[in-house]
Amino acid sequence: RGLSHKEKKKSYFFSKILFDKYHLICHSVNTGNGISQNRGQGGISLSESLKGKVAVMSGVGSGFGKATAELFAKIDQVSLVMFDINESALKATAAACTASGSKVVAFAADVTKPETFARALKECMDNFGRVDFLINYAGGALKVAPIEEMDDAINRRIIDLNLTSTIMSCRTFTPQFKKQGFGKII
């Protein structure tokens with residue numbers, strides 16, 4: 001079936017955000033300040049390349065994580081270390097990225113576990129020798145309900161998934177970024 005007007009609008013909006021975010025990442029990684037000085041036809045050029053870069057990405061099984069990984073692979077064949085808790089969705093994203101020419105290391109993992117990030121760093125260093133940027137996409141709503149129906153256990157799981165995992169990720173990769181003298185966290 002075809003997409004409804006509302007679905008088309010949502011798809012366009014999603015694609016526009018993703019495209020803009022991709023170019024922001026390109027500039028942040030390549031110019032160090034996120035601002036392009038290159039002027040092309042019609043204004044500022046946003047065509048920096050990420051070729052040769054290495055990215056570590058969580059939450060690539062769906063949504064922004066999947067779309068970003070596939071875009072990085074399709075446009076610049078960025079080397080990727082990726083992980084997601086949904087193994088079948090992870091495999092599909094990894095296959096699409098590999099088919100686009102990216103070198104991919106993919107493994108199923110839970111971002112609420114510190115060993116996930118230790119493994120991601122090890123895989124990145126063993127396979128690529130460096131990491132240029134870290135993108136923390138994993139997250140979500142584990143339960144959508146009025147606050148009075150949210151017990152402490154589900155609240156803790158939501159905080160661990162959406163906040164604590166990002167802190168663990170940054171804590172794991174920051175020493176490597178300092179050692180290298182470069183690296184971006186997005």
Side-chain angles (χ1 to χ4, degrees), residues 2-3 6-109 111 116-117 120-121 123-124 127-140 161-162 165-166 169-170 173 177 182-186:
L3 295 176
K6 185 176 180 179
E7 289 170 323
K8 285 179 185 174
K9 193 172 181 180
K10 184 177 178 182
S11 177
Y12 170 79
F13 180 71
F14 178 76
S15 297
K16 175 80 172 110
I17 289 172
L18 185 58
F19 184 77
D20 290 346
K21 189 169 192 169
Y22 175 78
H23 286 294
L24 176 64
I25 292 167
C26 290
H27 287 292
S28 179
V29 170
N30 287 306
T31 67
N33 63 11
I35 300 169
S36 173
Q37 300 300 321
N38 302 326
R39 298 211 177 261
Q41 287 184 333
I44 295 175
S45 169
L46 295 177
S47 60
E48 300 287 337
S49 175
L50 293 180
K51 285 193 185 300
K53 300 294 183 183
V54 179
V56 174
M57 298 177 67
S58 67
V60 299
S62 62
F64 280 112
K66 176 182 180 62
T68 302
E70 290 177 357
L71 187 65
F72 278 18
K74 181 178 179 181
I75 294 176
D76 284 328
Q77 297 77 50
V78 173
S79 296
L80 300 165
V81 173
M82 57 174 64
F83 46 100
D84 196 285
I85 199 164
N86 181 332
E87 190 169 7
S88 62
L90 169 69
K91 285 180 180 179
T93 303
C97 292
T98 300
S100 292
S102 282
K103 294 176 185 166
V104 176
V105 175
F107 61 96
V111 296
T116 294
F117 301 106
L121 179 59
E123 294 285 359
C124 195
N127 288 279
F128 305 112
R130 70 174 203 283
V131 57
D132 293 298
F133 47 102
L134 170 65
I135 304 175
N136 296 297
Y137 273 124
L161 176 60
N162 292 289
S165 67
T166 301
S169 172
C170 294
F173 280 84
F177 288 150
F182 63 89
K184 302 286 182 183
I185 300 171
I186 300 165

Next item on the list: Identify the two heavy atoms, one from Leu134 and one from Ser169, that lie closest to each other, and give their separation to 0.1 Å.
Entry: CD2-OG, 3.1 Å
Margin query: My understanding is that only residues two or more places apart in sequence, or in another chain, count here; which of them pass side-chain contact (heavy atoms from CB on, under 4.5 Å) with Leu161?
Written below: Val111, Thr112, Leu142
Next item on the list: Take Phe182 and Arg130 through the test side-chain contact (heavy atoms from CB on, under 4.5 Å) and record every step on the way to the result.
Entry: CA-CA 10 Å; Phe182 63 89; Arg130 70 174 203 283; 3.8 Å; yes
Notebook entry, point to check: So, for Ile75 and Lys51, which heavy atoms are closest and what is the spacing to 0.1 Å?
Noted result: O-NZ, 3.8 Å
Margin query: If I compare all heavy atoms of Val60 with all of Ala69, which pair ends up nearest, and what's the gap?
Written below: CG1-CB, 4.3 Å
Check: Is there side-chain contact between Asn127 and Lys103, with heavy atoms separated by less than 4.5 Å?
Finding: no
Margin query: Could you go through Thr68 and Met57, starting from their C-alpha distance and side-chain angles, then the distance that decides it, and tell me whether this counts as side-chain contact (heavy atoms from CB on, under 4.5 Å)?
Written below: CA-CA 9 Å; Thr68 302; Met57 298 177 67; 3.7 Å; yes
Notebook entry, point to check: Under the ring pair (Phe, Tyr, Trp, His ring centres under 6.0 Å) rule, what pairs show up with a residue in residues 85-109, not counting sequence neighbours?
Noted result: Phe83-Phe107
Notebook entry, point to check: Would a distance-only check, ignoring hydrogens and angles, find a side-chain to backbone donor-acceptor pair under 3.5 Å from Ser58 to Tyr137?
Noted result: yes
Checklist line | Within residues 82-98 or reaching into it, pairs that qualify as side-chain hydrogen bond (donor to acceptor under 3.5 Å, both in side chains) - sequence neighbours excluded | finding: Lys66-Thr93, Asn86-Ser88
Next item on the list: Could you grab the distance from atom CD1 of Ile85 to atom CG of Leu90, nearest 0.5 Å is fine?
Entry: 11.5 Å
Check: Does the side chain of Val56 come within less than 4.5 Å of Phe117's, by heavy atoms?
Finding: no
Notebook entry, point to check: Have Asn136 and Thr166 got a donor and an acceptor in their side chains that come within less than 3.5 Å?
Noted result: no
Next item on the list: Could you tell me which non-hydrogen atom of Phe128 sits nearest to which non-hydrogen atom of Val105, and how far apart they are?
Entry: CE1-CG2, 4.1 Å
Notebook entry, point to check: Quick one: are Cys97 and Glu70 in side-chain contact, heavy atoms under 4.5 Å?
Noted result: yes
Item checked: Intermediate values then yes/no, side-chain contact (heavy atoms from CB on, under 4.5 Å), Val131 and Phe177 -> CA-CA 8 Å; Val131 57; Phe177 288 150; 3.4 Å; yes
Check: What closest approach, in Å, do Val104 and Ala94 show between heavy atoms, and which atom pair accounts for it?
Finding: CG1-CB, 3.9 Å
Checklist line | Donor-acceptor contact below 3.5 Å, side chain Asp132 vs main chain Val54 | finding: yes
